[in-house]
Amino acid sequence: MVYPGMGAAFRNTETFSSWGRVVRGVHEVAHPNFSDELAKLVAGLSPDAPGLATGLRRSYGDSNLNPGARVIDMSALDRLIAFDRETGVMRAEAGASLSHILAVLVSSGWFLPTTPGTRFVTLGGAVANDVHGKNHHSAGSFGNWVTRLRLLRTDGGARELAPGDPLFHATIGGLGLTGVIEWVEFRAVRIPSAFIEAEERGFAGVNSYFDLAEAKRHVEHTVAWIDCSTGGRSIGRGVYSSGAWSDHGGYRLHADLPKKKMPVDAPGFALNPFSVAAYNTMRHALKSMAGCQRQHYEPFFYPLDGVADWNRLYGREGFYQYQCVIPPATAREAISDLLKLIARSGQASFLAVLKDMGPIEPVGLLSFPREGTTLALDFPNRGEKTLKLMAELDGVVAQAGGRLYPAKDGRISADMFQAGFPKWQEFRAHVDPGLSSAFWRRVSA
């Protein structure tokens, strides 16, 4: 056990897995409790003993893993440093979770500028993956709202960075490879209440989705759930959700802990083509009748956070998440082709989300968001069968000029990554030589 007076060190050997639970590895781990312990830990890393800072490990693949090497667990460095209630500018340690930050913001009439589908993400992780949300078309990604950050390098240097500094733009979306983020400062946005005026509308197929998305461009928050198990005229049927902040309802906070828990791994046969198809049919019928309602931000933005350890639903073998973004010129045809491949494979995704992204340029060299349509899919790990399907999906995405999301990936090839992120060589020049990850070793070869 490490006591505060002793200082943190790489003492513990632990087996980590990412949220998808497919990729696992043994790591030498340090658990700092105070920010003044960080500099020594970071300076102790080198190309011969590379490290990586991690948070709550909600990335799905291997971008947050460093098997056989070192990891700094930042989750205890979660303090709020400053918050200006007049301007909405907040500074917090990198290990602070979005859930913790929201508890302070919402009670003062502010909210995150954009948020991913889980609030159990650290602030450092939000920057390192340049996360986006349902309002990308109106707000961009999280990096667009970052005003300053402090970065520790393994050569012993410390840099306070702001927009315009090349290292700042490499760090946004930089997967934790440019240095260890100590703290982040960002701008929040004003909200009139903690509630959303939400609308849900069913649509018959993927072409109808694109028509709805065009009609709803003026709405602040939009996303669609789709059914990947059907073919023919019903391919890509789903439910389109949209919403804007309500002027009514007050500032009630979310429940900090999930109300339910997945206590054990589900049996491997639980998610099969028949159960997924039945679930999707029922969900489409129920959601299509939902209409308009005032909804608290917690279920609107974070529906899966209500169940702790929901990733165990996919069984002991885990699951892959596959998320791509396709540019506007090719999106309609490519998304349809992707859904046809999935339907034919019999490996229908249990959770499938479709959303349009806007033209706001990200600030990070490796930022995933770009103008177009993004499709996110979950596939239970069926070994080579699943890998073969995703390789086929890669072909469609590449031909359409799209790319995959590193935060969700656990198997992308170096060629696919490098083609999708043309600034990767420029980014490479900013990588700290004492930092690495399983993902980076695979795609930068």
Side-chain angles (χ1 to χ4, degrees), residues 55 58-60 63-64 88-90 92 94 96-98 101-102 105 110-149 161-178 181 184-189 213 217 219-223 301-302 321 323-328 331 353-376 402-409 417 420-424 426-427 430:
R58 284 299 181 108
S59 293
Y60 289 73
S63 63
N64 60 347
V89 174
M90 174 176 279
S97 71
L98 299 189
I101 288 170
L102 279 169
L105 290 179
W110 296 87
F111 203 78
L112 295 165
T114 189
T115 178
T118 176
R119 65 183 188 278
F120 298 117
V121 171
T122 62
L123 185 56
V127 171
N129 294 285
D130 197 13
V131 297
H132 59 276
K134 297 179 179 181
N135 64 343
H136 182 271
H137 58 286
S138 58
S141 51
F142 196 86
N144 292 103
W145 298 81
V146 175
T147 53
R148 289 192 91 73
L149 59 86
L161 307 174
D165 188 316
L167 188 54
F168 176 90
H169 297 286
T171 300
I172 302 294
L175 305 172
L177 297 167
T178 62
I181 301 171
V184 176
E185 182 182 275
F186 69 94
R187 291 180 290 121
V189 293
R217 282 189 180 275
V219 182
E220 184 176 0
H221 303 285
T222 62
V223 72
F301 290 116
Y302 312 114
Q321 181 154 117
Q323 184 168 0
C324 62
V325 60
I326 310 293
V353 174
L354 197 58
K355 173 172 172 25
D356 270 24
M357 289 182 162
I360 300 174
E361 284 292 322
V363 300
L365 297 179
L366 288 192
S367 293
F368 165 74
R370 61 176 294 182
E371 186 175 12
T373 302
T374 180
L375 174 65
R403 62 185 175 211
L404 304 185
Y405 194 5
K408 305 292 182 73
D409 175 71
F417 169 77
F421 293 88
K423 295 181 180 179
W424 83 275
E426 182 182 350
F427 168 81
H430 296 285

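Scope of the values below: all heavy atoms of this structure, side chains included, with no hydrogens, waters or symmetry mates. Start at 1 with the first residue, then count along the sequence.
Considering only heavy atoms from C-beta on, Tyr302 comes within 4.5 Å of Leu102 through its side chain. By the 4.5 Å heavy-atom criterion applied to side chains, Thr115 and Val121 are not counted as neighbours. Proximity of Lys408 to Phe368: side-chain heavy atoms (C-beta onward) are nowhere separated by under 4.5 Å. Using a 4.5 Å heavy-atom threshold, the side chains of Val146 and Phe168 count as touching. Residues Trp110 and Val89 form no side-chain contact, since every pair of their non-hydrogen atoms from C-beta on lies 4.5 Å or further apart. No side-chain heavy atom of Phe417 sits less than 4.5 Å from a side-chain heavy atom of Leu404. For the pair Leu365/His430, a side-chain contact is recorded, criterion being any heavy-atom separation below 4.5 Å from C-beta on. Here the side chains of Arg187 and Pro113 are not in contact, with every heavy-atom distance at 4.5 Å or above.
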Please determine whether side chain to side chain contact (heavy atoms under 4.5 Å, CB included) holds for the pair Trp145 and Leu112, giving the CA-CA distance in whole Å, both sets of side-chain angles, and the decisive distance to 0.1 Å.
CA-CA 9 Å; Trp145 298 81; Leu112 295 165; over 6 Å; no
Let's go through Val127 and Phe186 carefully: what are the C-alpha distance in whole Å and the side-chain angles of both, what is the deciding distance for side chain to side chain contact (heavy atoms under 4.5 Å, CB included) to 0.1 Å, and is it a yes or a no?
CA-CA 10 Å; Val127 171; Phe186 69 94; over 6 Å; no
Go through Ser63 and Asp409 one step at a time and tell me if the side chain to side chain contact (heavy atoms under 4.5 Å, CB included) criterion holds.
CA-CA 8 Å; Ser63 63; Asp409 175 71; over 6 Å; no
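With sequence neighbours left out, Thr147 forms a side chain to side chain donor-acceptor pair (under 3.5 Å) with Glu185. Every residue meeting the side chain to side chain donor-acceptor pair (under 3.5 Å) condition with Asp356, not counting sequence neighbours, appears here in chain and number order: Tyr209, Thr373. Among residues two or more places apart in sequence or in another chain, the side chain to side chain donor-acceptor pair (under 3.5 Å) test is passed with His137 by Lys355. Take Thr114 and apply the side chain to side chain donor-acceptor pair (under 3.5 Å) test, not counting sequence neighbours, and it matches Asn135.
For the residue pair Ala188 and Phe111, the shortest heavy atom distance occurs at CB-O, 3.3 Å. Of all non-hydrogen atoms in Phe421 and Ser367, the two that sit nearest each other are CE2-O, 3.7 Å. Of all the heavy atoms in His136 and Ser141, the pair that sits closest is CD2-N, 3.8 Å. In terms of heavy atoms, Ile172 sits closest to Gly143 at CG2-CA, 3.7 Å. In terms of heavy-atom proximity, Glu371 sits nearest to Pro328 at O-CD, 3.4 Å. Across Arg403 and Pro369, no two heavy atoms sit closer than the pair NH2-O, 3.3 Å.
Under the side-chain hydrogen bond (donor to acceptor under 3.5 Å, both in side chains) criterion, the residue pairs touching residues 164-174 are Arg159-Asp165, Thr171-Thr178, with sequence neighbours excluded. The salt bridge (charged side-chain N to carboxylate O under 4.0 Å, His left out) contacts involving residues 126-148 comprise Arg148-Glu160, where partners must be two or more places apart or lie in separate chains.
With values rounded to the nearest 0.5 angstrom, Ile360 atom CD1 is found 15.5 Å from Arg370 atom CZ. Atoms CG and CD1, from Leu149 and Ile181 in turn, are 6.0 Å apart once rounded to the nearest 0.5 Å. One finds the CZ atom of Arg58 at 13.5 Å from the CG atom of Asn129 (value rounded to the nearest 0.5 Å).
For the pair Arg217 (side chain) and Ser138 (backbone), a donor-acceptor distance under 3.5 Å is absent. Using modelled atom types, no side-chain atom of Tyr405 and backbone atom of Val325 make a donor-acceptor pair closer than 3.5 Å. A donor-acceptor pair under 3.5 Å is formed between the side chain of Thr118 and the backbone N or O of Phe120.
Figure legend: cation-pi geometry between Arg119 and Phe301 absent, as NZ or CZ is not positioned both under 6.0 Å from the six-membered ring centre and within 45° of its axis.
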